Amino acid sequence: MRVKCVLCDKIDKLDDQLPLAKRLRNRPIHTYMCDACYERIKERTETRKASSSFQLIVETKKESEWI
């Protein structure tokens, strides 16, 4: 299966039997990112998390009395 990275437009080839290939084939909402882009984003995210300006917003849901 040929896949294209959403960030750098690099075209890679995946084995048809890999779980990632099956996920991409069956659910079009999933997108593919090459290893280089994935690592770059991972490093930058960890750098932002280590800084004091990063805030993770967690939404709390209130349970309804009627349920």
Side-chain angles (χ1 to χ4, degrees):
M1 173 179 197
R2 289 173 40 139
V3 290
K4 186 176 185 181
C5 178
V6 294
L7 298 178
C8 67
D9 295 333
K10 177 182 173 185
I11 296 176
D12 287 335
K13 187 167 178 84
L14 292 178
D15 183 27
D16 288 335
Q17 301 303 318
L18 288 176
L20 177 60
K22 290 180 180 181
R23 188 179 320 129
L24 292 171
R25 195 178 321 115
N26 293 329
R27 295 187 182 98
I29 192 75
H30 291 277
T31 56
Y32 174 76
M33 227 183 329
C34 67
D35 294 332
C37 291
Y38 182 80
E39 288 299 321
R40 187 180 73 227
I41 290 175
K42 179 182 171 186
E43 289 172 6
R44 290 185 179 183
T45 302
E46 289 175 358
T47 305
R48 277 191 306 131
K49 281 184 179 179
S51 71
S52 60
S53 63
F54 184 80
Q55 294 180 354
L56 182 63
I57 300 172
V58 178
E59 183 178 325
T60 57
K61 292 185 178 183
K62 296 179 183 177
E63 291 194 23
S64 175
E65 298 174 4
W66 301 99
I67 297 179

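Every value quoted in this text rests on a predicted model; they were computed, and no experiment measured them.
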In Å, rounded to the nearest 0.5 Å, how long is the span from OG1 of T31 to CZ of R23? 10.5 Å
Are M33 and L20 connected into the same hydrophobic cluster when the rule is that any two of I, L, V, M, F, W, Y join if their side-chain heavy atoms are below 4.5 Å apart? no
Is the closest side-chain heavy-atom distance between R25 and D16 below 4.5 Å? yes
Spacing of M1 atom CE and K13 atom NZ [to the nearest 0.5 Å]: 10.5 Å
How long is the gap from NZ on K42 to OG1 on T47, to the nearest 0.5 Å? 11.5 Å
L14 CG to Y32 OH distance, which is reported to the nearest 0.5 Å: 5.0 Å
Do the side chains of L18 and L24 join up, straight or via other hydrophobic residues, at under 4.5 Å, putting them in one cluster? yes
Answer yes or no: are there more than 12 heavy-atom neighbours, outside D35 itself, under 6.0 Å from its atom CG? no
Just how far is it from atom SG of C34 to atom CG of D9, taken to the nearest 0.5 Å? 10.0 Å
Is the shortest side-chain heavy-atom distance between I41 and L7 below 4.5 Å? yes
